[in-house]
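First listed ligand is number 1; within each ligand, the first listed atom is number 1. Note that the numbering runs from 1 along the sequence shown for the chain.
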Amino acid sequence: MVTKFHEFADAARLAEGLADTVAAALRTAIAERGKATIAVSGGSTPRQFFKALSTRDIDWPRVTVTLVDERFVPAANPRSNHLLVAENLLQGAAAKARFLPLYRTAKSAEDAARLAGEELARLAVPFDVVVLGMGNDGHTASFFPGGNHLAEALSAATPRGVITMEAEGAGETRLTLTFSSLQDARLLVLHIEGQAKKEALEKALGEGDETEMPVRAIFRRAATPVDIFWAP
Ligand SMILES: O=C(O)[C@H](O)[C@@H](O)[C@H](O)[C@H](O)COP(=O)(O)O
């Protein structure tokens, strides 16, 4: 269910508006519970938003930042979402936030997923903030159409945690939080930009199977209604 569609004139204004919204949610969490958690997505879209958020006056040492998903590559790899967050969000005052990576040096991606899941399980639930992206194919997180573990990832019966995903459009093996981990965040955001993604969104909000456009699972079954942030 979509709560609200927040449209901005351009990406820069969206970045500032989303940073204000997320900062307010993190401050509220800290005021109410003494700490805050946020899971963010990677890709190319969030860079400006990350930079804007890093400038916000937040008690960053009380914030834990983690990832919605990760490519199974070390942080030094240019495809790494950890690297993207380190270079764009964990800067300035925000460098004092705690970061919980998904990638682990392990014998397999499955072992890395298990280790990351064990560490994530020590965080309070639900997340205070989750910021999702979306591909033109309707994937979100690493819930890719045709993904080898897509049914498991989307199932409400799959507990909170981290699983692996392989799919034609995904590139490397992915580590992804499960639907259960994401769907009840106190603030659940979808951040997309450009006309192609707006058209993909309209298709995703229409009829069709979740497996065809997995972001549909979020719109249809998430406990928290989704705030969509979009700019041309
Ligand atoms: O690791 C990733 O790539 C993301 O977590 C992924 O789900 C992303 O949000 C979409 O693929 C959109 O990516 P763009 O912002 O690059 O279009």
Side-chain angles (χ1 to χ4, degrees), residues 8 10-12 14-15 18-19 22 38-53 65-75 77-89 99-103 109 112-113 116 120 127 129-150 153-154 162-179 181-183 185 188-201 203-204 210-219 222 226-232:
F8 295 82
D10 57 38
L14 185 156
L18 182 53
V22 168
I38 176 171
V40 296
S41 294
S44 58
T45 301
R47 193 170 279 110
Q48 281 193 76
F49 156 61
F50 287 161
K51 289 184 182 299
L53 182 60
V65 180
T66 191
L67 293 165
V68 164
D69 67 339
E70 178 62 286
R71 297 82 182 272
F72 187 56
V73 295
N77 186 305
R79 289 270 302 161
S80 165
N81 287 338
H82 178 171
L83 182 63
L84 175 79
V85 169
E87 290 183 335
N88 295 281
L89 174 52
F99 181 71
L100 197 165
L102 299 187
Y103 176 82
L120 271 169
F127 281 112
V129 181
V130 163
V131 182
L132 299 171
M134 186 188 76
N136 290 330
D137 61 358
H139 83 262
T140 192
S142 286
F143 308 158
F144 285 87
N148 63 337
H149 295 146
L150 181 62
L154 295 182
V162 183
I163 64 172
T164 63
M165 187 72 69
E166 293 188 351
E168 199 173 315
E172 311 79 357
T173 299
R174 298 291 188 100
L175 302 172
T176 186
L177 270 60
T178 59
F179 172 84
S181 303
L182 302 169
Q183 59 90 30
L188 182 56
V189 169
L190 178 71
H191 173 196
I192 54 173
E193 295 176 5
Q195 196 52 42
K197 289 197 179 174
K198 189 170 185 194
E199 288 163 15
L201 172 68
K203 184 179 176 195
E210 289 181 4
T211 55
E212 179 200 9
M213 298 186 87
V215 71
R216 286 175 175 153
I218 298 290
F219 297 143
V226 184
D227 279 89
I228 298 175
F229 283 68
W230 178 81

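Between the side chain of Thr173 and the backbone N or O of Phe72, no donor-acceptor pair lies under 3.5 Å. Not a single donor-acceptor pair under 3.5 Å links the side chain of Trp230 to the backbone N or O of Phe8.
Across all their heavy atoms, His139 and Pro145 have their closest contact at CB-CD, 3.9 Å. In plain terms, the two heavy atoms of Lys197 and Gly135 that are nearest each other are CE-CA, 4.5 Å. Between Met213 and Asn136, the shortest heavy-atom contact is CE-O, 4.4 Å.
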Acceptor/donor pairs from residues 78-85 side chains to any protein atom, 3.5 angstrom cut, sequence neighbours excluded:
from	atom 1	to	atom 2	distance (Å)
Arg79	NE	Glu172	OE1	3.4
Arg79	NE	Glu172	OE2	2.7
Arg79	NH2	Glu172	OE1	2.8
Ser80	OG	His82	N	3.0
Ser80	OG	Leu83	N	3.0
Asn81	ND2	Asp69	O	3.1

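At a 4.0 Å heavy-atom cut-off, the residues surrounding ligand 1 are Ser41, Gly42, Gly43, Ser44, Thr45, Asp69, Arg71, Asn81, Gly133, Met134, His139, Ala141, Arg174, Lys197, listed by chain and number.
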